[in-house]
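Note on naming: letters A, B, ... go to the chains in the order of the sequence lines (proteins, then strands), and numbering restarts at 1 for each one.
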Amino acid sequence: MIDPEFFARRAAEVAPDLIGHLLIVGETGGIIVETEAYEPGDPASHSFGGPTLRNQSMFGPSGHCYVYRSYGLHWCMNIVCRPGHAVLLRALQPTHGLDVMAVRRGTQTEKALCSGPGKLTVALGVDKSHDGLPFDGHSISLIAPSFPLSPVQSVRIGISRAVDLPWRWYVAGSPWLSRKS
DNA sequence: CATTTGATGTCCT
DNA sequence: GGACATCAAATGC
């Protein structure tokens, strides 16, 4: 399991370190290949402006989930770092339970199973009921890579505020990203 | 191929 | 009422 100290840092420090970790939810999972950091004081972050009913998990214990509804219909999954900080999981390389994920996603094309924040929650079966749950190896696990990767740093995607903050990290050339880079 | 559009939860003004 | 950390299908070149 991951040292709790790993999560109790700034989101912008945790996000690149999460690249290469194996995320397991139930019988499905994959390797994290794309993340984004959101911090307090960051106008694009849900924690900007303090706690609300919706974002309260973002101010809860580090190393837990923050799951929210995006655009009224998609679930998005974050890992909470220190209070008000969270890392959005944007894409996975599918490794576990591909058949189950394909059924949930209703697609045959393996490269599109987890290639986006709204897609990977469907593939993993994550929804509001996972909000606030810990990555403790019970229903949700996180396993460190055997060797560190060197992700590429870039600007975030799909936001309209603080668009210049270079807080997106991804595995260069990976075919599993939410968009080609 | 690129661009537009529809689905509609939760928070903010 | 409007904005939004999105996706897939429809439409237009």
Side-chain angles (χ1 to χ4, degrees), chain A residues 7 10-19 21 23 25 28 30 32-60 62 64-94 101-133 135 151-171 174-181:
Chain A
F7 296 109
R10 291 185 52 181
E13 293 179 28
V14 176
D17 290 349
L18 277 173
I19 300 289
H21 279 65
L23 171 67
V25 181
T28 56
I32 298 171
V33 296
E34 182 178 349
T35 59
E36 285 180 0
Y38 290 88
E39 301 196 346
D42 162 16
S45 171
H46 288 173
S47 58
F48 187 75
T52 67
L53 197 58
R54 173 213 206 187
N55 67 16
Q56 58 183 339
S57 307
M58 234 176 139
F59 295 88
S62 61
H64 287 224
C65 273
Y66 167 45
V67 178
Y68 70 92
R69 177 85 75 173
S70 173
Y71 288 89
L73 49 161
H74 300 292
W75 296 110
C76 292
M77 187 182 198
N78 299 251
I79 301 176
V80 178
C81 305
R82 67 166 68 154
H85 293 242
V87 175
L88 172 66
L89 303 180
R90 289 193 55 90
L92 305 178
Q93 172 183 341
M101 293 197 283
V103 170
R104 286 174 179 160
R105 288 272 296 110
T107 180
Q108 311 278 7
T109 57
E110 184 191 330
K111 283 195 273 300
L113 281 182
C114 302
S115 58
K119 297 177 186 176
L120 72 86
T121 53
V122 171
L124 297 177
V126 167
D127 60 25
K128 185 70 176 170
S129 70
H130 295 79
D131 187 33
L133 290 184
F135 288 79
V152 178
Q153 184 173 10
S154 182
V155 293
R156 294 177 291 184
I157 287 177
I159 57 174
S160 55
R161 291 183 293 227
V163 293
D164 293 330
L165 283 174
W167 282 356
R168 171 178 177 245
W169 289 266
Y170 59 93
V171 177
S174 169
W176 318 101
L177 301 176
S178 64
R179 67 174 69 168
K180 270 191 159 178
S181 303

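Between A:Arg156 atom CZ and C:dT6 atom C1' the separation is 16 Å, expressed in whole Å. In this structure, the CZ atom of A:Arg104 is 19 Å from the C1' atom of C:dC7, given to the nearest Å. Remark: P of C:dA3 and CZ of A:Phe48 are 18 Å apart, rounded to the nearest angstrom. The interatomic distance linking A:His46 (NE2) with C:dA3 (P) rounds to 16 Å, in whole Å. In this structure, the NE2 atom of A:His74 is 13 Å from the P atom of C:dA5, given to the nearest Å. Rounded to whole Å, the distance from CZ on A:Arg54 to P on C:dC4 is 12 Å. Remark: P of B:dA7 and CH2 of A:Trp75 are 19 Å apart, rounded to the nearest angstrom. For the pair A:Tyr71 OH and B:dG9 P, the computed distance is 16 Å after rounding to whole Å.
Among the heavy atoms of the strands lying under 4.0 Å from A:Leu88 is at least one base atom, whether or not backbone atoms are also near. At the heavy-atom level, A:Arg90 lies under 4.0 Å from the strands shown only through sugar-phosphate atoms. Residue A:Met58 is in base contact, counting any heavy-atom pair closer than 4.0 Å across all strands shown. When heavy atoms are screened at a 4.0 angstrom cut-off, A:Asn55 is found touching no nucleic acid atom at all.
When the C1' atom is compared between B:dT10 and C:dA8, the two are found 23 Å apart, to the nearest whole Å.
A side-chain donor from one of A:Arg90 and A:Ser178 sits under 3.5 Å from a side-chain acceptor of the other. Judged purely by distance below 3.5 Å, without hydrogens or angles, the side chains of A:Glu39 and A:Ser45 never pair a donor atom with an acceptor atom. Using a 3.5 Å distance cut-off with no hydrogens or angles, the side chains of A:Asn55 and A:Ser47 do not pair a donor with an acceptor.
A:Gln153 places a side-chain N or O within donor-acceptor distance of the main-chain N or O of A:Pro166, the cut-off being under 3.5 Å. With A:Asn78 contributing its side chain and A:Val80 its backbone, the two residues share no donor-acceptor pair below 3.5 Å. Although no hydrogens or angles enter the test, the distance criterion places a donor-acceptor pair under 3.5 Å between the side chain of A:Thr121 and the main chain of A:Trp75. A:Glu36 contributes a side-chain N or O that, together with a main-chain N or O of A:Ile157, makes up a donor-acceptor pair within less than 3.5 Å. The closest donor-acceptor contact from the side chain of A:His85 to the backbone of A:Arg10 lies at 3.5 Å or more, if one exists at all.
For A:Arg69 and C:dC4, the shortest distance from a side-chain N or O to OP1 or OP2 is not below 4.0 Å. Distances shorter than 4.0 Å separate some side-chain N or O of A:Ser160 from OP1 or OP2 on C:dC4.
With respect to A:Asp164 and A:Arg156, no salt bridge is recorded, no charged nitrogen being found less than 4.0 Å from a carboxylate O.
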- line: Annotated structure of DNA chain C as dot-bracket, pair cut-off 3.5 Å, Watson-Crick or G-U only, | for inter-strand, is ||||.|||||||.

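The side-chain contact (heavy atoms from CB on, under 4.5 Å) test applied to A:Ser174 returns A:Val33, A:Val171, A:Trp176, A:Leu177, not counting sequence neighbours.
Near DNA chain C, meaning a heavy atom under 4.0 Å from it, residues 114-126 of chain A has A:Gly116, A:Pro117, A:Gly118, A:Lys119 in order of number.
Residue A:Arg105 places its side chain closer to C:dA8 than to any other of B:dC12, C:dA8, C:dT6.
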